Amino acid sequence: MVFWGLLNRGYALYDRSVREAQGVTFALVRGGGRKQLFLSERLSEFSGEVLPEGGFLCPLLVENAFALQRLFPSLSPRRLPEGASFGFGDRLGLATPGHIRALSSAAVFPILVQQSVRENARTDRTFEEVLAQGIFGAFQEGYEAGFGADADHLKQIEDALYAANLGYTFFTCDPGDYVVSVEDLSSQEVKDRFTHLPESETFRREYLGPSFKIDGLGMLRFSEEELARAAVKYGGAVAFATRMYHSLTVRLPQGFDYEVSVDETETPTTPLEHLFVAQELLRRGVDFVSLAPRFVGAMEKGVDWRGDLKAFRRELRAHAAIARAVGSYRLSLHSGSDKFTLYPFLAKETRGLWHVKTAGTSYLVALEVAAHRAPVLFREIAQFSMEQFAKDRASYHISADPSLIPSLEGLSDDELPKIIEEHNGRQVLHVAFGSVLRSHLGNKLRLVLNKWEEEHYEGLAQHLGRHLDGLGVRNGG
Ligand SMILES: [Zn+2]
């Protein structure tokens, strides 16, 4: 057996990873405190060291992930099939095996690679590293059912093209910098700005007069003022999303998945605004697979949604009806971690045409492992997160009040997980992920997760599994 030499040296084998290509056996192994890729023979596309007892041992480098992907095509990201899709963002680069276990025959297509430029900057990672970690994670679990790779919240066209060159398949355009807060303008200012838009005459022709028949909603019609507000608010955003899309079509003529997200705006996206954005994108030839409006209520990271559920359902129904009528694209729920209240409604109203993005909640699962297995480290992380909170909260919609978190000194080690379960603690811990992972605490946390690897995966499988159950896509869920 090709692994004997290694196993004799105290290496452990990841059983599910073992497979063959070109007469060579491949497997992930762990030894000497790290995970590596083992080949029964040296192949020139891989870099590593020849072992005296036979075989070739390769570090988990980006270039080795790409070489692996060339031999095993199921490890290359692919485009979304029909139906629902779910984004498993992974801030640590260690969660993919747990995400795959959460899937266990779920009727949903996974995006196993999903990070934004901002999240990468906060964690000192690159698009290539995030992709490589997803590839190795899928390889480790022997997963062959396909996954997508989402270059999330792209604000620059160069970033989109960069990710396209690496093999990303899903591009989330965030034109938020071009959204104008019409809520801060007087109606006269909105009117004036509308008149000066280069396309104001086209907009009038397209939107004033005709009414839009939306099945399940009836006829929608724009008043002059509604059109002016929608066009001033989103006109620049649509233009930017169109430019990014066309740049990508040149780079990826074989096709790609494109999402337009306006979820990080100040005010909720009204159904009429949604209609305007979607119509304008289509009119400019932008073929998008999903759209992320800003929904009503508090869509905060890592905690359940709060707000007026009746209003949410009414708006959701309208958004879903528009998505079906205009282009059969998915409605995308960003900051989708732990929104258990919303999942059944999202699944029902969209009739299964949804996309949900999560990431923060997987980081919190990692912290749960730390709270159970390394209480001293967890206390340090919690303390540091609270100190960082004032700075880290700046770019997130969150309502946490750190003064409501139970004091660390007052908690026994057994009680530490309470901090992660509680609303304020969850948010404070969540938004500090970048500060923590870039500090000396990041490496300590990774060591703990490597030591308690199975427990980490099972925690992820359970918690993300609950998400999929709420969305109704797992057997018996
Ligand atoms: Zn978002």
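Everything quoted here is computed from the prediction, not taken from an experiment. Both counts, for ligands and for their atoms, begin at 1 and track the order of listing.
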V179 vs R294 side-chain heavy atoms within contact, under 4.5 Å: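 In short, these two side chains do not touch, never coming nearer than 4.5 Å.
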Which residues share a side-chain contact (heavy atoms from CB on, under 4.5 Å) with D124, sequence neighbours left out: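 D124 satisfies side-chain contact (heavy atoms from CB on, under 4.5 Å) with R438 once adjacent residues are dropped.
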Angle subtended at the Zn ion (ligand 1) by H153 NE2 and H334 ND1, rounded to 10 degrees: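 The angle at the Zn ion (ligand 1) comes to 100°, rounded to the nearest 10°.
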E264 near the Zn ion (ligand 1) via N/O/S, less than 2.8 Å: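 Given the 2.8 Å cut-off, E264 does not count as a ligand of the Zn ion (ligand 1).
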Side-chain donor/acceptor of Y143 to backbone N/O of G146, under 3.5 Å: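 A pair under 3.5 Å: yes.
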Test item: side-chain donor near acceptor, T361 and H463, under 3.5 Å: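 Indeed, the side chains of T361 and H463 share at least one donor-acceptor pair under 3.5 Å.
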The Zn ion (ligand 1) - name of the N/O/S atom of D263 that sits closest to it: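 D263's closest N, O or S atom to the Zn ion (ligand 1) is named OD2.
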